Amino acid sequence: MSVEEAKILLVDDDADILLAAKFLLKKHFRTIITADGPHPVDNILKEDKIDLALLDMNYSTGATSGREGFDLLKKIRQKSPSTRVIMMTAYGDI
């Protein structure tokens with residue numbers, strides 16, 4: 001099986017999620033970039049063409065609305081319209 005050239009961006013505030021996802025994805029994709037929250041994403045999008053972003057929906061302690069994830073999605077859509085985005089959350093009500 002060949003490794004895909006796509007660049008994947010993982011954004012999650014849980015270090016264990018980032019580590020596990022990177023471990024699983026590195027078998028299939030050559031470049032995996034991680035961020036522990038939405039703040040570094042601007043710089044990442046300036047430096048790299050991201051093909052796929054996997055975004056957590058909540059970053060602040062106690063946040064459950066998904067609003068932070070939707071705000072980050074909007075920012076990515078504006079700065080990198082060709083990036084595909086998958087939103088994820090462990091919170092069951094969203």
Side-chain angles (χ1 to χ4, degrees):
M1 176 184 281
S2 67
V3 176
E4 294 288 330
E5 296 295 327
K7 288 186 179 180
I8 309 299
L9 171 62
L10 300 170
V11 185
D12 200 302
D13 58 321
D14 186 326
D16 292 333
I17 297 291
L18 290 177
L19 182 64
K22 188 171 185 175
F23 179 76
L24 290 170
L25 291 171
K26 73 179 184 178
K27 297 176 185 178
H28 305 286
F29 299 97
R30 186 170 316 279
T31 305
I32 301 158
I33 301 165
T34 61
D36 63 358
H39 304 295
V41 172
D42 278 338
N43 289 333
I44 292 168
L45 293 175
K46 288 177 188 173
E47 295 174 10
D48 290 295
K49 179 192 177 296
I50 301 299
D51 298 296
L52 174 66
L54 300 168
L55 308 180
D56 187 11
M57 294 181 69
N58 299 299
Y59 300 99
S60 300
T61 302
T64 59
S65 69
R67 176 85 179 156
E68 295 166 310
F70 286 116
D71 289 344
L72 183 54
L73 171 64
K74 183 178 179 180
K75 182 186 296 187
I76 291 172
R77 301 303 307 150
Q78 289 171 346
K79 295 181 182 278
S80 182
S82 64
T83 298
R84 302 287 187 221
V85 178
I86 296 174
M87 312 265 311
M88 55 188 181
T89 186
Y91 187 69
D93 285 351
I94 295 179

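Here the structure is a predicted model, which means the values were calculated and not measured. Atom set for the values below is all heavy atoms of this structure, side chains included, hydrogens, waters and symmetry mates excluded.
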**Item:** Side-chain heavy-atom pair Asp51, Glu5 within 4.5 angstrom cut-off
**Value:** no

**Prompt:** If we only count heavy atoms from C-beta on, is the Ile76 to Val85 side-chain gap below 4.5 Å?
**Reply:** yes

**Message:** Looking at Lys75 and Asp71, is any side-chain nitrogen of the basic one under 4.0 Å from a carboxylate oxygen of the acidic one?
**Reply:** no

Just how far is it from atom [atom1] of [X] to atom [atom2] of [Y], taken to the nearest 0.5 Å?
X	Y	atom1	atom2	value
Ile17	Asp36	CD1	CG	13.5 Å
Thr31	Ile50	OG1	CD1	8.5 Å
Ile32	Lys22	CD1	NZ	7.0 Å
Ile8	Asp48	CD1	CG	12.0 Å
Arg77	Thr83	CZ	OG1	7.0 Å
Leu54	Leu9	CG	CG	8.0 Å

**Prompt:** Should Leu45 and Ile33 be regarded as members of a common hydrophobic cluster, given that ILVMFWY residues are connected when their side-chain heavy atoms come within less than 4.5 Å of each other, either directly or indirectly?
**Reply:** yes

**Message:** I'd like to know if Ile44 and Leu73 are part of one continuous hydrophobic network [Ile/Leu/Val/Met/Phe/Trp/Tyr, side-chain heavy atoms within less than 4.5 Å].
**Reply:** yes

Work out which heavy atom in [X] is nearest to a heavy atom in [Y]; give both atom names and the distance.
X	Y	value
Met87	Phe70	CE-N, 3.9 Å
Leu10	Ala21	CD1-CB, 3.8 Å
Pro38	Tyr59	CD-CG, 3.6 Å

**Arg84, CZ: over 12 other non-hydrogen atoms inside 6.0 angstrom** = no

**Request:** Output, in order, the C-alpha distance, side-chain angles, deciding distance and verdict of side-chain contact (heavy atoms from CB on, under 4.5 Å) for Asp56 and Asp14.
**Result:** CA-CA 9 Å; Asp56 187 11; Asp14 186 326; over 6 Å; no

**Prompt:** Is the side chain of Asn58 donor-acceptor paired with the backbone N or O of Gly66 at a distance under 3.5 Å, no angle test?
**Reply:** yes

